Number of protein chains: 2
Amino acid sequence: MEIFDPPARLFKLLGHPARLAILDALRGGEHCVCHLEAVLGLRQAYLSQQLMLLREAGLVKDRREGQNIFYHVAEPKVFKVIDVALLDAPRRKPRAGRPACSCPKCQPAVPAPELAGAALST
Amino acid sequence: MEIFDPPARLFKLLGHPARLAILDALRGGEHCVCHLEAVLGLRQAYLSQQLMLLREAGLVKDRREGQNIFYHVAEPKVFKVIDVALLDAPRRKPRAGRPACSCPKCQPAVPAPELAGAALST
DNA sequence: TCTCCATATTCAGAAAACCGAATACAAAGA
DNA sequence: TCTTTGTATTCGGTTTTCTGAATATGGAGA
């Protein structure tokens with residue numbers, strides 16, 4: 001009977017729209033909290049709470065880079081699970097272009113790091 | 001954001017060991033409540049409550065046959081979801097032979113319905 | 001109609017999840 | 001060292017889930 005405890009814990013964690021949205025947002029790779037905040041429209045503290053739960057369960061991992069902390073999904077398996085559940089769901093729009101996030105990775109002016117100096121000449 | 005509500009509801013429902021065990025027990029096909037009671041070792045009332053939740057969500061459907069009510073999984077998709085989640089879980093034993101359930105389908109003396117008369121001659 | 005059996009429903013207390021407000025912390029720059 | 005910025009944690013009240021106990025229902029046979 002207890003064999004179902006681990007998967008049940010996983011599902012319980014997935015059984016929440018905000019956490020699902022977070023994981024889905026991390027599909028393409030890691031993102032900083034400020035990015036998730038902007039993209040998902042969630043308050044920072046709330047987001048951080050949900051990230052803590054996901055982190056404690058080992059579903060996501062974090063990495064600090066300067067002031068920002070980047071999260072990524074540690075178990076790609078969750079994507080498979082989510083995908084199956086989303087099978088016959090109405091498809092979400094791919095995403096608007098402007099992240100409105102100030103982290104280094106989100107600055108549209110800095111697509112390639114080696115061009116950073118050129119922008120200052122104007 | 002609300003696109004994640006339906007899958008979240010599904011996951012929330014799956015986020016419970018007893019309900020997972022029920023669904024897993026219904027893998028091979030339909031079973032009556034008394035069968036589940038015997039196989040899973042759960043009290044009838046409790047089992048019925050969980051079945052009600054699964055039924056309300058449309059995950060399982062019931063069918064009456066005489067005194068017994070047989071349940072089956074309505075959305076095979078859930079098996080896919082569960083399977084992915086169970087991927088690296090320790091495999092459960094296939095099942096002992098004796099169901100200890102009195103429903104017509106579980107009587108080991110009646111493997112094929114057309115032989116029902118022969119057993120009475122002893 | 002009465003009774004039995006399989007199953008369903010209601011109720012209620014305990015436990016857990018949810019989520020906002022406030023606050024703490026840690027790195028980076030002045 | 002002070003401030004700012006990005007993120008984490010704690011606290012507390014509200015809502016939801018969990019689960020046992022009691023009870024109801026509905027079909028089948030006597």
Side-chain angles (χ1 to χ4, degrees), chain A residues 1 4-5 8-22 25-26 30-57 60-72 99-107, chain B residues 1 4-5 8-22 25-26 30-57 60-72 99-107:
Chain A
M1 212 71 247
F4 292 107
D5 281 348
R9 266 193 295 274
L10 169 63
F11 286 133
K12 188 172 284 186
L13 218 45
L14 294 180
H16 192 285
R19 288 192 293 264
L20 272 185
I22 292 173
L26 294 179
E30 63 176 13
H31 282 298
C32 64
V33 178
C34 65
H35 182 89
L36 296 173
E37 202 179 341
V39 167
L40 301 177
L42 297 175
R43 290 182 318 120
Q44 177 270 319
Y46 182 51
L47 198 45
S48 201
Q49 284 180 89
Q50 303 304 144
L51 283 170
M52 174 172 31
L53 294 176
L54 293 173
R55 187 168 10 105
E56 284 173 352
V60 302
K61 291 224 181 310
D62 57 340
R63 176 182 72 83
R64 162 158 257 150
E65 184 179 312
Q67 289 198 93
N68 302 295
I69 294 187
F70 290 84
Y71 279 88
H72 67 276
C101 160
S102 62
C103 79
K105 295 213 174 182
C106 288
Q107 292 313 315
Chain B
M1 215 68 250
F4 291 107
D5 281 349
R9 266 193 296 273
L10 169 62
F11 285 133
K12 189 173 282 187
L13 218 43
L14 295 180
H16 192 286
R19 289 193 291 267
L20 271 186
I22 292 173
L26 294 179
E30 64 178 11
H31 282 298
C32 65
V33 178
C34 64
H35 182 89
L36 296 173
E37 201 178 342
V39 168
L40 301 177
L42 297 175
R43 291 180 319 120
Q44 177 270 320
Y46 181 51
L47 198 45
S48 202
Q49 286 179 94
Q50 303 303 146
L51 283 170
M52 172 171 33
L53 294 177
L54 293 173
R55 187 166 13 103
E56 286 172 353
V60 303
K61 291 222 180 312
D62 57 339
R63 176 181 72 83
R64 161 158 259 148
E65 184 179 311
Q67 290 198 92
N68 301 294
I69 295 187
F70 290 84
Y71 278 88
H72 67 275
C101 160
S102 61
C103 79
K105 294 215 177 184
C106 288
Q107 292 313 315

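Note that the coordinates shown come from a computational prediction; the quantities given were computed from them, not determined experimentally. Chain letters run A, B, ... following the sequence lines, proteins first, then strands; residues in each count from 1.
- Residues Q50(B) and R19(B) approach most closely at NE2-NH1, 2.8 Å, considering heavy atoms.
- For DNA chain D, the residues of residues 43-51 of chain B within the heavy-atom distance limit of 4.0 Å (strictly under) are R43(B), A45(B), Y46(B), Q49(B), sorted by number.
- Checking the phosphate oxygens (OP1, OP2) of dC18(C), a side-chain nitrogen or oxygen of R19(A) falls inside 4.0 Å.
- Between R64(B) and the phosphate of dT25(D), there is no side-chain N or O to OP1/OP2 separation shorter than 4.0 Å.
- Phosphate contact (OP1/OP2 of dT19(D), side-chain N/O of H16(B), threshold under 4.0 Å): present.
- Q67(A) has its CD atom 6 Å from the C1' atom of dA27(C), to the nearest Å.
- Each of A18(A) and M52(B) was matched to the nucleotide of DNA chain C holding its nearest heavy atom; the match closer to the 5' end belongs to M52(B).
- Atom-to-atom, CZ of F11(B) to C1' of dC18(C) comes out at 19 Å; the value is rounded to the nearest Å.
- If you take OH of Y71(A) and C1' of dG6(D), they are 11 Å apart, rounded to a whole angstrom.
- Per the geometry, NZ belonging to K12(A) stands 15 Å off P belonging to dA15(C), to the nearest Å.
- Note: CD (E30(A)) to P (dG6(D)) measures 17 Å, nearest angstrom.
- Contact annotation: the side chain of C34(A) approaches that of N68(A) to within less than 4.5 Å [non-hydrogen atoms, C-beta and beyond].
- For the pair R55(B) (side chain) and A57(B) (backbone), a donor-acceptor distance under 3.5 Å is absent.
- For the atom pair H31(A) NE2 and L40(A) CG, the distance stands at 9.5 Å (nearest 0.5 Å).
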Original post:
Can you check side chain to side chain donor-acceptor pair (under 3.5 Å) on R63(A) and Y71(A), steps first, answer last?
Top reply: CA-CA 6 Å; R63(A) 176 182 72 83; Y71(A) 279 88; over 6 Å; no

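- A pairwise comparison of heavy atoms in L20(B) and A8(A) identifies CD1-N, 3.6 Å as the closest pair.
- Look at CZ on R63(A): it is 14 Å from P on dA8(D), rounded to the nearest Å.
- For the pair G66(B) and F70(A), both in contact range of DNA chain D, the more 5′-proximal nearest nucleotide belongs to F70(A).
- Nearest heavy atom pair, residue L47(B) against residue V33(B), reads CD2-O, 3.7 Å.
- E65(B) places its CD atom 16 Å from the C1' atom of dG26(D), with the value rounded to the nearest Å.
- Straight-line distance from the CG atom of D62(A) to the P atom of dA8(D): 7 Å, rounded to whole Å.
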